[in-house]
Amino acid sequence: MTFDKDKVLEMCNTMCKNTLMQTLKIEFIDAGEDFLVATMPVNPDVHQPMGLLHGGASVALAESVGSAASMLFVNPELSEIRGIEISANHLKAKREGIVTGTARIVHKGRSIHLWEIKITDENDKLISLCKLTNMVLPKRKI
């Protein structure tokens, strides 16, 4: 099967409707065979009380882009993805603008995917470095 970037981005952005990703205004903007990129605006909607980007919002961006990236490696009619562990190191504060989460595969097994997600600002400064472990499960019949 040939990789179709436009189709991948459309699928990722469509599945965000009526979810936390839509609430946080996360938008998928780039994709490749081993990476996925999404952006999120930084404004009072994602601030903590000190007026800075909330670490939980950064983690939500990281898990969103990493979990969607795992979907690139499975047949969604047969498999589901579940995030089972995430860690984040928040390295730089951000008050406003846009942050970009780039997920790159570290390990692609049959049942476990490990991702590194770098969250950067408009100047490519590292805001957070995250690690996400996803489990690949057989799709449940409803």
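Counting from 1, the numbers follow the sequence of the chain as shown.
Residues V136 and I84 do not share a hydrophobic cluster, clusters being chains of Ile/Leu/Val/Met/Phe/Trp/Tyr side chains in contact below 4.5 Å. Linking Ile, Leu, Val, Met, Phe, Trp and Tyr whenever their side-chain heavy atoms come within less than 4.5 Å puts I112 and L137 in one cluster. Using a 4.5 Å cut-off between side-chain heavy atoms of Ile, Leu, Val, Met, Phe, Trp and Tyr, with links allowed through other members, F3 and W115 fall into the same hydrophobic cluster. In the hydrophobic clustering of this structure, L20 groups with I26; members are Ile, Leu, Val, Met, Phe, Trp, Tyr whose side-chain heavy atoms approach within less than 4.5 Å, directly or through other members. I29 and M40 fall into different hydrophobic clusters, defined by Ile, Leu, Val, Met, Phe, Trp and Tyr side-chain heavy atoms under 4.5 Å apart, directly or through other members.
Note: M135 CE to E80 CD = 12.5 Å, rounded to the nearest 0.5 Å. Atom-to-atom distance recorded for L36:CG and I105:CD1 is 11.5 Å, nearest 0.5 angstrom. The structure places SG of C12 at 13.0 Å from NZ of K7, a figure rounded to the nearest 0.5 Å. Rounding to the nearest 0.5 Å gives a distance of 8.0 Å between OG of S128 and CG of N89. A distance of 11.0 Å separates CD in E85 from CG in N134, rounded to the nearest 0.5 Å. Rounding to the nearest 0.5 Å places OG1 of T23 at 8.5 Å from CG of N18.
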Practice task
Any chance you could lay out the side-chain contact (heavy atoms from CB on, under 4.5 Å) test for V42 and H47, step after step, and finish with the verdict?
Solution key: CA-CA 7 Å; V42 179; H47 282 171; 4.1 Å; yes
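Counting all heavy atoms, side chain and backbone alike, Q48 lies closest to H54 at CB-CD2, 3.7 Å. Nearest heavy atoms, A88 versus H90: CB-CE1, 3.8 Å. In plain terms, the two heavy atoms of L61 and G101 that are nearest each other are CD2-N, 3.9 Å. Scanning all heavy atoms of the two residues, the minimum distance from A38 to F28 falls at CB-CD2, 3.8 Å. Minimum interatomic distance between G83 and E63 (heavy atoms only, all atoms of both residues): CA-OE2, 3.7 Å. Taking every heavy atom of both residues into account, I119 and S58 meet most closely at CD1-O, 3.2 Å.
A 4.5 Å side-chain heavy-atom check between E116 and L129 finds at least one atom pair inside the cut-off. Looking at heavy atoms from C-beta onward, L132 lies in side-chain contact with S67 at the 4.5 angstrom threshold. Under the 4.5 Å side-chain criterion, counting only non-hydrogen atoms from C-beta, L78 is not in contact with K139. Using a 4.5 Å heavy-atom cutoff, the side chains of V46 and L24 are in contact. Side-chain contact between V65 and M21: absent, with no pair of heavy atoms (C-beta onward) separated by less than 4.5 Å. Side-chain contact between V8 and L72 is present, with at least one heavy-atom pair separated by less than 4.5 Å. Using a 4.5 Å cut-off on side-chain heavy atoms (C-beta onward), I86 and T133 make no contact. For the pair N13 and E27, the minimum side-chain heavy-atom distance is below 4.5 Å.
When atom types are taken as modelled, the side chain of N75 and the backbone of E77 share a donor-acceptor pair closer than 3.5 angstrom. Listed for the T14 side chain is no donor-acceptor partner under 3.5 Å among the backbone atoms of M11. Not a single donor-acceptor pair under 3.5 Å links the side chain of K131 to the backbone N or O of L114.
V37 pairs with exactly one of L9, I117, D30 by the side chain to side chain contact (heavy atoms under 4.5 Å, CB included) rule, that one being D30.
The local environment of CD in E122 is crowded, with over 12 non-hydrogen atoms from other residues, nucleotides or ligands closer than 6.0 Å.
Using the six-membered ring where Trp is involved, F73 and H113 have ring planes that are perpendicular, over 60° apart on the 30 and 60° scheme.
Residues passing the side-chain contact (heavy atoms from CB on, under 4.5 Å) test with E96: none are found, sequence neighbours excluded.
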